[in-house]
Novice: 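Take a look at this one; I'll ask things after.
In this text the structure is predicted, and so the values were computed from the model without any measurement. Convention: sequence-line order gives letters A, B, ...; per-chain numbering from 1.
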Amino acid sequence: MSNNVRVRFAPSPTGPLHIGGVRTALFNYLFAKKHKGSFILRIEDTDQNRYVEGAEQYLVDALNWCNIPYDEGPEKDGGFGPYRQSERKEIYAQYAEQLIASGNAYYAFDSAETLDFHRKDHEEKGKTFIYNWHNREKLSNSLSLSKAEVEKKLANSEEYVIRFKSPKDETLHLTDIIRGEITIDTNILDDKVLFKSDGMPTYHLANIVDDHLMEISHVIRGEEWLPSLALHFQLYQAFGWESPQFAHLPLILKPTGKGKLSKRDGDKLGFPVFPLEWKDPKTAEISRGYKEDGYFPEAMINFLAFLGWNPGTEQEIFNLNELINAFELERVHKAGARFDPEKIKWFNHHYMQEQNDLALAKAFQQLKPELSAIDLEYIATVVALVKERATFVNGLWDLSHYFFEAPPSYDEKAAKKAFKEGTKDLLLQLVSVIQPIEDFMVENLQTQIKGWITENNIGFGQVMMPLRLSLVGALQGPDVFDIMFMIGKTESIKRIEKTINLL
RNA sequence: GGCCCCAUCGUCUAGCCUGGCCCAGGACGCAGCCCUCUCAAGGCUGAAACACGGGUUCGAAUCCCGUUGGGGCUACCA
């Protein structure tokens, strides 16, 4: 492929960007970068009724957080702007008129009520109402009405829409990069509305006009658009434009059950469906986001890339550059992919290990007010000690609180296991072993304590278990000697003595 | 209902185009073992799939047809 690859991500600002939308954006981005092309963000806000305040800003913020930058878009003109369809309003009408002039479209005056009536009427009879060659002669439009009548209606500025005149008895052979050839019989196609009575184009018209004007080379979008492909293809033909290549991505399905992934699933199963937290401007309802839940963007991107695509090798960990290099549309799957909240956690755990300890410490400190006064270096060392057990920054506290404060209690089960009859005596002896250690370093602690245990033929676990429990409050965590070194001699002894007093 | 798309372990998937190397490989999750003062991590091992039925062929997960199942669309929404 040459280097004039231009792709676009064209969401409509009707709410927060869904995780499936993120994947669509990602695949577009990967494809563009792989071919040294441009990735364009276009805002498809032709539906004034569904416009949601803040949705566009959310989109930009989400893409930024995901590290999927666009080359052109609103506030980032690349010579093909504007990039909001509402700002391109004047452009579309002339193209609709052009289609009428060439006989590919017509005016329709039917009211919403009339259409509604026909649909219901057909449904009752077990049929489907399709506005096309089949019945357009019986409806109110510039094909059924006389020229004079049409002109009169237009002159009276009666409300009208412009519909595409879908041909009869044609077989369309469409090509999709992912799916191969798709065959469609035009007889079952309906005369889609291209231009609405409110003066705005529908998605179909605006989409084709903009893709053409913006010189889009590949349209990579979700599978929900596959049924519209025939219309879009015919539109390009009607305009006499060269059509871009199409690739329809498989949908992301619910983890369990039927249907595609929805916000509800996230709420029910306890995982986010949106990249960033979103507060609904109307209901004030808050939807959680991957960012706020402690996911790293690298983890989300890596996971999302593997939903419907894979490189064909056994490598699974890919950074963005590696993804760009390896990505091929031809390797995208056809079938829908279930979203697996467990696997994205695994990716997050992986990327957590790759994070810089100091950076993690900062994030950890910001999250926990208890840590505000604590030295960042100390927190970073603690993080280094416990992070292999952590999947999220917000899980760090549970894994490391005993580095910052004495354990508030002892785990009951562990206490039963660790505290035996001779424990008190052993701990008293242990204190006398620790007390004289001048240089309170890990190696010294290790040799002194282990030496004392072996010399006196004491069971290792008999000392280590209650020791750990005294320090940590539970039988978990990193090396005991590391913990002692970190909290220091005084605190170590203090915690052991607390246990002694308790026994 | 109609139309279009799809179908390999529970899940993500390799293999399918160019049939034999596949009694089907990897990963997540699950189980066990090892490591070990503990919990993790890590290492090793295991259970786990070609939806079904017909063809074609010496031979089919791979090609064809049908059935079943799943998904999407069916708005003056995108």
Novice: Suppose you measure atom C1' in B:G29 against the same atom in B:A49; what distance do you get, rounded to whole Å?
Specialist: 16 Å

Novice: Expressed in whole Å, how much space separates the P atoms belonging to B:G72 and B:G15?
Specialist: 26 Å

Novice: Determine, stepwise, if the pair A:D340 / A:R338 fulfils salt bridge (Lys or Arg N to Asp or Glu O under 4.0 Å).
Specialist: CA-CA 6 Å; A:D340 182 359; A:R338 279 191 193 277; over 6 Å; no

Novice: Give a yes/no on whether any side-chain N or O of A:N310 is located under 4.0 angstrom from OP1 or OP2 of B:A14.
Specialist: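 Checking B:A14 against A:N310, a side-chain N or O does come within under 4.0 Å of OP1 or OP2.
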
Novice: Rounding to an integer number of Å, can you tell me how far A:I130 CD1 sits from B:C3 P?
Specialist: 10 Å

Novice: Here's a test of your reading of the structure: between A:D185 and A:G312, which maps to the more 5' nucleotide of RNA chain B?
Specialist: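 The residue closer to the strand's 5' end, by nearest nucleotide, is A:D185.
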
Novice: Phosphate oxygens OP1/OP2 of B:C76: is one of them under 4.0 Å from a side-chain N or O of A:R163?
Specialist: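 Yes, because at least one side-chain N or O of A:R163 sits under 4.0 Å from OP1 or OP2 of B:C76.
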
Novice: Compute both the distance and the angle, then confirm whether A:R23 meets the cation-pi test with A:F27: under 6.0 Å from the six-membered ring centre, within 45 degrees of the axis.
Specialist: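 Cation-pi check for A:R23 and A:F27: passes.
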
Novice: Which nucleotide in the set B:G1, B:A78, B:A40 lies at the smallest distance from any side-chain heavy atom of A:R389?
Specialist: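 The closest nucleotide is B:A40.
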
Novice: When you measure from the side chain of A:E316, which nucleotide among B:A27, B:A14, B:U38 comes out closest?
Specialist: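 For the A:E316 side chain, the nearest candidate turns out to be B:A27.
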
Novice: Sort out the partner of B:A41 for me: Watson-Crick or G-U wobble, both distances under 3.5 Å, none otherwise.
Specialist: none

Novice: Take the protein atom CD1 of A:I344 and the nucleotide atom C1' of B:G29, then report the distance between them rounded to whole Å.
Specialist: 15 Å

Novice: Evaluate side chain to side chain donor-acceptor pair (under 3.5 Å) for A:Y92 paired with A:D210, printing each intermediate quantity in order.
Specialist: CA-CA 9 Å; A:Y92 308 110; A:D210 287 346; 2.6 Å; yes

Novice: Round to a whole Å and report the spacing from CD1 of A:I162 to P of B:C76.
Specialist: 14 Å

Novice: Nearest to the side chain of A:H333 - B:C12, B:C37, B:U13?
Specialist: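 Closest nucleotide among those given: B:U13.
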
Novice: Assess whether one donor atom and one acceptor atom, taken from the side chain of A:R338 and the base of B:C12, lie less than 3.5 Å apart.
Specialist: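 Flag unset: no donor-acceptor pair detected.
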
Novice: Looking only at atom P, what distance separates B:C17 and B:C64, rounded to whole Å?
Specialist: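 About 9 Å, rounded to a whole number of Å.
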
Novice: I want to verify a distance call: between B:A78, B:A40, B:C6, whose nearest atom is closest to the A:A335 side chain?
Specialist: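 Given the options B:A78, B:A40, B:C6, the side chain of A:A335 is closest to B:C6.
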
Novice: So, does A:R8 use its side chain to make a donor-acceptor pair with the main chain of A:I40 at under 3.5 Å?
Specialist: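 Checking the backbone N and O of A:I40 against the side chain of A:R8, no donor-acceptor pair under 3.5 Å is found.
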
Novice: For B:C63, what is the paired nucleotide under Watson-Crick or G-U wobble rules, both distances under 3.5 Å?
Specialist: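 Across any shown strand, B:C63 pairs with B:G55.
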
Novice: Can you figure out which of B:C6, B:A27, B:C77 approaches the side chain of A:D47 most closely?
Specialist: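 The listed nucleotide nearest to A:D47's side chain is B:C77.
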
Novice: For B:C28, which nucleotide in any strand shown is its Watson-Crick or wobble partner with both distances under 3.5 Å?
Specialist: B:G10

Novice: Measure distances between side-chain N and O atoms of A:N49 and base N and O atoms of B:C77, and say whether any donor-acceptor pair falls under 3.5 Å.
Specialist: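 It does not, because no donor-acceptor pair links the side chain of A:N49 to the base of B:C77 below 3.5 Å.
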
Novice: Looking at the side chain of A:K334, which of B:G26, B:C76, B:C6 is the nearest nucleotide?
Specialist: B:C6

Novice: If you assign each of A:W346 and A:I188 to its closest nucleotide in RNA chain B, which residue comes earlier from the 5' end?
Specialist: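 Result of the comparison: A:I188.
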
Novice: Which word best sums up how the rings of A:Y410 and A:F419 line up, parallel for under 30°, tilted for 30 to 60°, or perpendicular for over 60°?
Specialist: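 Geometry flag for A:F419 against A:Y410: perpendicular rings.
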
Novice: Looking only at heavy atoms, which two atoms of A:E223 and A:K334 are closest? And how far apart?
Specialist: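 Where A:E223 meets A:K334 most closely, the heavy atoms are OE1-O, 4.3 Å.
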
Novice: List the atom of A:L59, the atom of A:P11, and the distance in Å for their closest heavy-atom pair.
Specialist: CD2-CG, 3.2 Å

Novice: Among B:U38, B:C28, B:A41, which is the nearest nucleotide to the side chain of A:E342?
Specialist: B:C28

Novice: Whole angstroms only, please: what is the CH2-P distance between A:W225 and B:C6?
Specialist: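 The distance from CH2 of A:W225 to P of B:C6 comes to 20 Å, rounded to the nearest Å.
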
Novice: In whole angstroms, how far is the C1' atom of B:U13 from the CH2 atom of A:W309?
Specialist: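 In whole Å, B:U13 C1' lies 12 Å from A:W309 CH2.
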
Novice: Picking from B:U11, B:G71, B:C4, which would you name as closest to the side chain of A:I182?
Specialist: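 The answer is B:C4, which lies nearest to the side chain.
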
Novice: Between B:A24 and B:G46, how far apart are the P atoms? Round to whole Å, please.
Specialist: 12 Å

Novice: Between the base of B:A75 and the side chain of A:K192, is there any donor-acceptor pair under 3.5 Å?
Specialist: no

Novice: Using the C1' atom in both, what is the distance from B:C4 to B:A40, to the nearest Å?
Specialist: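 The answer is 49 Å between these two C1' atoms.
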
Novice: For a quick test of reading the model: is some side-chain N or O of A:T202 closer than 4.0 Å to OP1 or OP2 of B:A75?
Specialist: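 It does not, given that no N or O in the side chain of A:T202 lies less than 4.0 Å from OP1 or OP2 of B:A75.
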
Novice: Strictly below 4.0 Å: does A:R179 bring a side-chain N or O up to OP1 or OP2 of B:G72?
Specialist: no

Novice: Taking atom P of B:C17 as reference, at what distance in whole Å does atom CD of A:E181 sit?
Specialist: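 Rounded to whole Å, this separation is 19 Å.
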
Novice: Is there a salt bridge (Lys or Arg N to Asp or Glu O under 4.0 Å) between A:E56 and A:R84 once you walk through the steps?
Specialist: CA-CA 10 Å; A:E56 185 186 319; A:R84 278 184 206 97; 2.8 Å; yes

Novice: Tell me which nucleotide among B:A78, B:C12, B:G25 gets nearest to the side chain of A:L307.
Specialist: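 Nearest to the side chain of A:L307 among the choices is B:C12.
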
Novice: Whole Å only: how far is the OH atom of A:Y402 from the C1' atom of B:A40?
Specialist: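 These atoms are roughly 10 Å apart.
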
Novice: Could you give the distance separating B:G55 and B:A60 at their P atoms, to the nearest angstrom?
Specialist: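 Looking at atom P only, B:A60 and B:G55 are 12 Å apart.
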
Novice: Could you please name the option among B:U38, B:G71, B:A27 that lies closest to any side-chain atom of A:Q476?
Specialist: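 Closest nucleotide to the A:Q476 side chain: B:U38.
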
Novice: Between P on B:A41 and OH on A:Y351, what's the gap in Å once rounded to a whole number?
Specialist: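 Atom-to-atom, A:Y351 to B:A41, this comes out as 18 Å.
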
Novice: Should A:R331 be listed as having a side-chain N or O under 4.0 Å from OP1 or OP2 of B:C16?
Specialist: no

